[in-house]
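Reviewing the structure listed below.
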Amino acid sequence: MAKAVKRDLIDAASPGEGPKNCRRCDLWKRATQAVPGEGPRHSTIMLVGEQPGDEEDRRGHPFVGPAGRVLDECLASARLERGQLFVTNAVKHFKWEPRGKRRLHKKPTVGEIHACNLWLEQEIAAVKPMVIVALGATALRALTGANLSIDGARQRELWHPGGARILSTYHPSAVLRAEGDRILELREHLEHDLRNAAKIAAGALV
Ligand code: URA
């Protein structure tokens, strides 16, 4: 089911091409595969993360690792069904550096975000969401072209040129990395922002 949706989207977005064969930057060389977005073609809400992690790179699906588990818990708390959302990333290949036997996530550069923007914009054009949730600063940069902090952007009304409202919130990995009281604080912000996304998509909040 998910595969059919994905193929439908990618074929419609870029006949004969797609992020799977992308060579627009060098990240493909060390990644197992490109991980395109997934979800129903006309989802009203799109979630945009940074890039696939280690597990996503191996399995070929977005947000299926530890950050995905935090995301799923926050979605459940916001009463959102993941199966009704389109979930994707700003960058489609996993960028990493070796650390012993582990592959450690490395933040994509502005050039890599820019190179990958074609695929994200094609997904947005195909899905036409009402609300796009930027999970973290990389997604926000990909969506706005600006270097905004999540703290600042959460207070601002932002729009994508295609007409979708952009909501900014913390990346689930920030919850995983946080310590002490900050863990609960970030999780509550994330849940609150996801609830607002649901309200905007339902027309209950402007
Ligand atoms: N982090 C992301 O930003 N995206 C994923 O798909 C997984 C982890």
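For reference, positions follow the sequence shown, starting with 1. For ligands, and for the atoms within them, numbers begin at 1 and follow the listed sequence.
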Is there a side-chain contact between T88 and V127, using heavy atoms and a 4.5 Å cut-off?
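Not touching, per the 4.5 Å side-chain cut-off.
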With side chains defined as the heavy atoms from C-beta onward, is the minimum distance between R154 and H189 less than 4.5 Å?
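SC-SC contact between R154 and H189 confirmed.
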Top protein contact for atom 6 (O) of ligand 1, by heavy-atom distance
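Nearest neighbour among protein heavy atoms for atom 6 (O) of ligand 1, to 0.1 Å: F63 N, 2.8 Å.
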Closest approach of any protein heavy atom to atom 4 (N) of ligand 1, naming residue and atom:
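Looking only at protein heavy atoms, the one closest to atom 4 (N) of ligand 1 is N89 OD1, 2.7 Å.
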Where ligand 1 meets [X] - atom numbers and elements under 4.0 angstrom, heavy-atom basis:
X    : value
E50  : 2 (C), 3 (O)
G53  : 7 (C)
G49  : 3 (O)
H171 : 1 (N), 2 (C), 3 (O)

Part of E56 with heavy atoms under 4.0 Å of ligand 1, whether side chain, backbone, both or neither:
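The part of E56 near ligand 1 is the side chain, not the backbone.
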From E55, H61, Q51 - option closest to atom 5 (C) of ligand 1 by heavy atom
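Considering heavy atoms of E55, H61, Q51, the nearest to atom 5 (C) of ligand 1 sits in Q51.
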Of E97, E50, K95, which meets side chain to side chain donor-acceptor pair (under 3.5 Å) against H105?
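Among E97, E50, K95, the one meeting side chain to side chain donor-acceptor pair (under 3.5 Å) with H105 is E50.
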Can the ring centroids of H192 and Y170 be said to lie less than 6.0 angstrom from one another?
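No: the rings miss the under 6.0 Å criterion.
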Assess, by modelled atom type and distance only, whether the side chains of E157 and W159 contain a donor and an acceptor separated by less than 3.5 Å.
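Side chains of E157 and W159: pair found under 3.5 Å.
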Could you tell me whether R103 and D57 make a salt bridge, using a distance below 4.0 angstrom between a side-chain N and a carboxylate O?
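Here R103 pairs with D57 in a salt bridge, since their nearest N and O are under 4.0 Å apart.
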